[in-house]
There are 2 protein chains.
Amino acid sequence: MSAPQGWEAIRAEVLDRIHRRDWLPGAIIPTEEKLAAEFGCARATVNRALRELATAGVLERRRKAGTRVATHPVRKATLDIPVIRLEIEGRGQRYGFRVIDRAESEPPMTIAARLRLAPGQRLWHVRTLHLADGRPCLFEDRWLNAAVLPEGLPADPDTTSLNEWLVKTVAYTAGDIAFSAANATAEEAALLGIEPGAALFIIERSTWLGAVPITAVRLAHPPGYRLSTEM
Amino acid sequence: MSAPQGWEAIRAEVLDRIHRRDWLPGAIIPTEEKLAAEFGCARATVNRALRELATAGVLERRRKAGTRVATHPVRKATLDIPVIRLEIEGRGQRYGFRVIDRAESEPPMTIAARLRLAPGQRLWHVRTLHLADGRPCLFEDRWLNAAVLPEGLPADPDTTSLNEWLVKTVAYTAGDIAFSAANATAEEAALLGIEPGAALFIIERSTWLGAVPITAVRLAHPPGYRLSTEM
DNA sequence: TAGTGGTCTAGACCACTAT
DNA sequence: TAGTGGTCTAGACCACTAA
């Protein structure tokens, strides 16, 4: 009937029918075969379009049961996790950083639990303040398993941000990431140049190489920071 | 050579080579055609595997230039945006809510800007406290364009959460979402039963139907709330 | 068990872009 | 302009699952 071309056009047409409420939330839509006949294309093309919509959370698909319009749409959002330096430079500011301290020690329980460490295992602990145009904009608190590093810690931590050095040097196989909010401690406030108790936006990441923990990092962004995406 | 089967096996094998540092960050990997020959499968199958890895941010692909291992991996994370009631019930708690107030008025500048409103346009303003096992767990502040509602505001706001009523009733075509942190105001603290100034985790969403604004909502989660995902 | 989505194939043409 | 990824096709078989 109508004549969309390409899987993106089919995706758009399907979305449109949902928006026009031709197909209501929870309702079954025609099979791939029927849609392919209607649109005059191969079933694989319809499949591609519907699969993308299912990944986006707009449709729910099950073999034999068919394809339904999701009852709770917009359940998924894909975030770009920024690389600190690139984010700052992308705003046209000059990037810099300052290593606050660096030591080998036994991490606190919370970190050990997050990395599933064996009791007593020691890690490198590096704390870094990141700067935009010379002003503090992010406090990084990182625990690092030196055992997985090919050549130990980099000799000159003042020329390469540890963060970038890591992603270029160490492979990983799995990880998790979490977002939350926390009040700034006195130390964090002093380092970031904000009031104690100010609301920080926290990003925590952990990564593993197989079952071997690599690193756990906590990024504390001062008030005003927003992580956003379109749907 | 090796014998993976299916695009998922190929994806796994490619990931493995990156993890083993056979293919270093920034390096070009073989063309789809060569990989298809090596794996003994069709090029479309390799394409599917590499496309998924590119979507995940592990590879960067450009026509003619070829496929490279991303220099800054793990740049994307897909979050499940929870539906409030389902999230609470999923924890085995009883869901409830209480409408704090509800009025028609002109929204503040920030909301008007976010929704790109014409000057002087009035919206419904509904503030709701969501409860888990009877205890406050989320404060919702919503502005709503009644003009797009088929039958106006629902007659009985005490039986259906406005949030769910909306997603089931109103179509949307675009939106954005943002995460940030903020200190609790005195009123928010009182409603949520926390200390004033406590760090709230804020989710803000805006949705449109074409160019017509539908709703802007701000969700304030008390300390302890975490939004997390695996990579 | 039958219906539906998931995937694969072999080949083709197109779109983009480094050179 | 030539190389590479992006997509489409027509058909096939398989995997899952509702009935």
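So that the names make sense, note that chain A is the first sequence line, chain B the second, and so on, each numbered from 1.
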* **Paired nucleotide for dA18(C) [Watson-Crick or G-U wobble; both distances under 3.5 Å]** => dT1(D)
* **Mate of dG6(C) where both pairing distances stay under 3.5 Å, Watson-Crick or G-U** => dC13(D)
Over how many whole Å does the gap from [X] atom [atom1] to [N] atom [atom2] extend?
| X | N | atom1 | atom2 | value |
| --- | --- | --- | --- | --- |
| Glu32(A) | dA15(D) | CD | C1' | 14 Å |
| Leu59(A) | dG6(C) | CG | P | 11 Å |
| Glu8(B) | dC14(D) | CD | P | 18 Å |
| Arg63(A) | dG5(C) | CZ | C1' | 6 Å |
| Arg61(B) | dT17(C) | CZ | C1' | 15 Å |

* Is it true that the side chains of Arg142(B) and Thr215(B) contain a donor and an acceptor less than 3.5 Å apart? -> yes
* How about Thr67(B) and Arg61(B): does a side-chain donor come under 3.5 Å of a side-chain acceptor? -> yes
* Distance (rounded to the nearest 0.5 Å) between Leu53(B) CG and Ile29(B) CD1 -> 8.0 Å
* To do: Using only heavy-atom distances, decide whether a donor-acceptor pair under 3.5 angstrom links the side-chain of Arg43(A) to the base of dG6(C).
  => yes
* For dG5(C), does either OP1 or OP2 sit under 4.0 Å from a side-chain N or O belonging to Asn47(A)? -> no
